[in-house]
Amino acid sequence: GLIISSKGYFRVDQTTKTVRLQFSINDGQVPYRIILRWGDGTQSTKTYTKAGEYMLEHTYKNPGQYRVVIE
């Protein structure tokens, strides 16, 4: 099956409120379609053609605590 893993923490730029999520994709079948729900009502959908290390960025409009979900 598909394995998506992350170190479980984010790097946040305090000035721009930008979060960088680094993750890796292993196993499963290509292409990989990843949906990332950022917890503020927005989502990113990406397709990857090979396993490996990737990074997605998101900028929040408001400070706060958000639950991020990867599907």
Side-chain angles (χ1 to χ4, degrees):
L2 174 64
I3 299 172
I4 301 173
S5 59
S6 176
K7 294 181 180 180
Y9 58 87
F10 301 100
R11 293 185 195 142
V12 179
D13 183 312
Q14 296 297 324
T15 304
T16 63
K17 299 178 191 76
T18 298
V19 173
R20 292 174 186 89
L21 172 63
Q22 185 173 357
F23 61 96
S24 61
I25 300 173
N26 297 298
D27 298 329
Q29 292 183 309
V30 295
Y32 304 109
R33 184 171 181 258
I34 305 299
I35 300 171
L36 208 147
R37 300 183 194 284
W38 293 102
D40 62 353
T42 63
Q43 71 180 34
S44 298
T45 303
K46 299 288 183 181
T47 301
Y48 300 98
T49 59
K50 62 181 180 177
E53 297 284 326
Y54 297 96
M55 182 176 10
L56 290 175
E57 291 187 353
H58 180 70
T59 300
Y60 290 95
K61 293 180 181 178
N62 299 304
Q65 195 170 10
Y66 298 94
R67 180 172 182 233
V68 177
V69 177
I70 299 174
E71 299 176 355

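The first residue in the sequence is number 1, and the count goes up from there.
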Peer 1: Does Val68 form a side chain to side chain contact (heavy atoms under 4.5 Å, CB included) with Val19? I'd like the steps, not just the answer.
Peer 2: CA-CA 11 Å; Val68 177; Val19 173; over 6 Å; no
Peer 1: Treat each ILVMFWY residue as a node, draw an edge where side-chain heavy atoms are under 4.5 Å apart, and state whether Tyr66 and Ile70 are in one component.
Peer 2: yes
Peer 1: Would you list the atom pairs, donor with acceptor, under 3.5 Å between side chains in residues 47-57 and any protein atom, with sequence neighbours excluded?
Peer 2:
residue : atom : partner : partner atom : Å
Tyr54   : OH   : Lys50   : O            : 2.6
Glu57   : OE2  : Arg20   : NE           : 3.1

Peer 1: Supply the atom-to-atom distance Ile25 CD1 to Ile34 CD1, rounded to the nearest 0.5 angstrom.
Peer 2: 4.0 Å
Peer 1: Output all residues satisfying side-chain contact (heavy atoms from CB on, under 4.5 Å) with Thr42, sequence neighbours left out; order by chain, then residue number.
Peer 2: Trp38, Asp40, His58
